[in-house]
Amino acid sequence: MEYGGYNVSEKYSPIIEPNFYFDAIFQPGLTFSDQHQGEAEGAGAVKIFRLAAKAAKAPKKPASDFEHGAASNDLIPLLLNNLQQESTKIYNVQAGAVPYDMADAHLAQSTQVCREGWQMSGLACLVHEGTAMADTEAITKSNIISKIIEGRKSIRKQKASANVVLASVETYSTMLESAGDKFTPLKNDEIIRTGQMGYYLGMLWVECNMLDLSTAAKYYDYTGTLQTEDLSKVEYIMYDWRGLHIVDLLDMARLKDSENFNGTLAQVEICSGYRLGDKNYAVIKRCGGTTTTESETGEQSGEE
């Protein structure tokens with residue numbers, strides 16, 4: 001670096017410029033259920049009981065006898081078969097030559113990378129296991145309310161509650177234009193600090209920028225099959241959060257001294273399972289037609 005042909009000093013900033021990642025959209029008790037989390041310890045799968053459905057009956061006259069029906073139930077399997085891993089080599093000679101804590105910085109980055117993949121798999125589960133709406137007309141400011149109400153009707157007719165809408169940036173922005181002051185944002189709450197959330201039409205709206213950019217979101221389903229979903233044409237996912245089950249078997253972050261080189265490994269590992277309890281718990285609104293999905297059955301190695 002020269003000023004008028006005169007050499008001047010250069011200085012490197014100890015402050016790292018941030019890398020940006022997708023918003024945190026999955027929060028327990030708000031956008032997914034973690035009620036089976038405690039059952040994952042010491043197991044590779046969780047089997048969820050569900051009583052067989054029974055329909056309401058016509059009334060009887062007083063002094064009638066009981067009619068006895070057999071008790072029955074179903075099992076909903078949830079396999080803990082999705083692994084996110086990130087490991088970065090940090091040589092001590094490198095760490096000593098930069099003005100910031102290199103190990104902590106890369107550990108934080110690895111955590112962000114794994115969490116982003118963890119959330120993308122959750123979206124792939126919702127899209128794959130939910131019900132695609134037949135309507136593929138694009139959402140506009142003039143029709144957004146009718147498009148949302150159609151999704152709500154589909155879920156309510158199945159006795160579930162339409163309480164969460166994961167919206168693409170375009171859909172979320174259109175909703176804000178249409179809603180005006182009827183939209184109630186959530187503020188001053190740590191759980192929604194990193195996302196854009198608020199209530200409209202009685203539902204929690206979450207801006208999900210992953211829907212705009214992710215063309216190949218992947219997850220291993222409850223049969224061990226790798227599913228790939230194109231999220232880029234999804235305008236919104238509306239669902240009952242109590243029906244989306246996400247369970248973590250392992251969530252590890254560590255700095256580990258290496259035995260193979262002079263330095264440290266910044267490592268993060270998350271092992272999880274995803275399951276939508278019933279396809280009627282979620283509806284998916286796409287624009288421009290449905291997209292094909294890819295499936296791959298094999299070992300849980302992450303091979304594609």
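Side chains are part of it too, since the values below use all heavy atoms of this structure and drop only hydrogens, waters and symmetry mates. Residue numbers run from 1 in the order of the sequence given.
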Item to check | K256 and T264: CA distance, side-chain angles, deciding distance, side chain to side chain contact (heavy atoms under 4.5 Å, CB included) verdict | outcome: CA-CA 5 Å; K256 183 180 186 299; T264 305; 5.6 Å; no
Checklist entry - Going through the checks in order, is the side chain to side chain contact (heavy atoms under 4.5 Å, CB included) test met by L126 and I284? => result CA-CA 8 Å; L126 274 172; I284 294 87; 5.9 Å; no
Item to check | Test log, rule side chain to side chain contact (heavy atoms under 4.5 Å, CB included), inputs Y274 and H245 | outcome: CA-CA 6 Å; Y274 305 87; H245 302 288; over 6 Å; no
Checklist entry - Hey, mind stepping through E129 and K279 against salt bridge (Lys or Arg N to Asp or Glu O under 4.0 Å) and telling me if it holds? => result CA-CA 6 Å; E129 299 183 20; K279 67 177 183 179; over 6 Å; no
Next on the checklist: Would V46 and I48 count as a side chain to side chain contact (heavy atoms under 4.5 Å, CB included) here? Give the steps.
Outcome noted: CA-CA 6 Å; V46 174; I48 304 169; 4.1 Å; yes
Checklist entry - Under the salt bridge (Lys or Arg N to Asp or Glu O under 4.0 Å) criterion, do D278 and K159 qualify, and how do the steps go? => result CA-CA 11 Å; D278 190 286; K159 303 180 181 180; over 6 Å; no
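Of the charged side-chain nitrogens involved, none lies within less than 4.0 Å of a carboxylate oxygen, so that E150 and K147 do not count as a salt-bridged pair. A salt bridge is absent between D230 and R286; no separation between the charged side-chain nitrogens and carboxylate oxygens falls under 4.0 Å. Remark: E67 engages K60 in a salt bridge, criterion side-chain N to carboxylate O under 4.0 Å. Salt bridge absent: D221 and R275 never bring a charged side-chain N and a carboxylate O closer than 4.0 Å.
Using a 4.5 Å cut-off on side-chain heavy atoms (C-beta onward), I148 and Y236 make contact. The closest side-chain heavy-atom distance from L204 to V165 is not below 4.5 Å. A heavy-atom distance below 4.5 Å is not found between the side chains of M238 and K285. In this structure, the side chains of Y239 and L244 come closer than 4.5 Å at one or more pairs of heavy atoms. A heavy-atom distance below 4.5 Å is found between the side chains of L166 and L123. No side-chain heavy atom of L250 sits under 4.5 Å from any side-chain heavy atom of I270. For the pair S110 and T88, the minimum side-chain heavy-atom distance is below 4.5 Å. With contacts defined as side-chain heavy-atom distances shorter than 4.5 Å, the pair Q84/S121 qualifies.
Pairing each heavy atom of P14 with each of P99, the nearest pair is CB-O, 3.3 Å. A124 and A217 get closest at one heavy-atom pair: CB-O, 3.7 Å. The shortest heavy-atom contact between A162 and M203 is O-CG, 2.8 Å.
T171 and T174 share no side-chain donor-acceptor pair at under 3.5 Å. Side-chain contact of N143 with T140: a donor-acceptor pair under 3.5 Å is present, judged by distance alone. Between the side chains of S178 and K141, no donor-acceptor pair is found at a separation under 3.5 Å. Using modelled atom types, one finds a donor on one side chain and an acceptor on the other under 3.5 Å when comparing W118 with S272.
If you take SG on C125 and OH on Y222, they are separated by 10.0 Å, rounding to the nearest 0.5 Å. L231 CG to C208 SG: the interatomic distance, rounded to the nearest 0.5 Å, is 7.5 Å. Between the CD atom in E207 and the CE atom in M175 there is a gap of 8.5 Å [rounded to 0.5 Å]. Annotation: the span from E116 atom CD to T111 atom OG1 amounts to 12.5 Å, rounded to 0.5 Å. Expressed to the nearest 0.5 Å, how far NZ of K89 lies from CG of N260 amounts to 7.5 Å.
Remark: the backbone N or O of I25 is paired with a side-chain donor or acceptor of T31 at under 3.5 angstrom. Side chain of D101 to main chain of D104: a donor-acceptor pair is present (N/O by atom type, distance under 3.5 Å, no hydrogens or angles). Not a single donor-acceptor pair under 3.5 Å links the side chain of D74 to the backbone N or O of F49. Remark: side-chain polar atoms of R156 are paired, donor with acceptor, to backbone N or O of A160 under 3.5 angstrom. N280 places no side-chain N or O within 3.5 Å of a backbone atom of Q158 that could act as its donor or acceptor partner. Distance alone, capped at 3.5 Å, is enough to place a donor-acceptor pair between the D240 side chain and the S161 backbone. Side chain of W205 to backbone of Y172: no donor-acceptor contact under 3.5 angstrom is found. Q112 places no side-chain N or O within donor-acceptor distance of the main-chain N or O of Q109, the cut-off being under 3.5 Å. One N or O on the side chain of R50 and one on the backbone of G277 form a donor-acceptor pair closer than 3.5 Å.
Other residues, nucleotides and ligands contribute more than 12 heavy atoms inside 6.0 Å of the CG atom of L75.
Taking the six-membered ring where the residue is Trp, F26 and F32 present perpendicular rings, their angle passing 60° and hence far from 30°.
Evaluated for a side-chain contact (heavy atoms from CB on, under 4.5 Å) with Q85, the options Q267, E269, M252 yield exactly one hit, E269.
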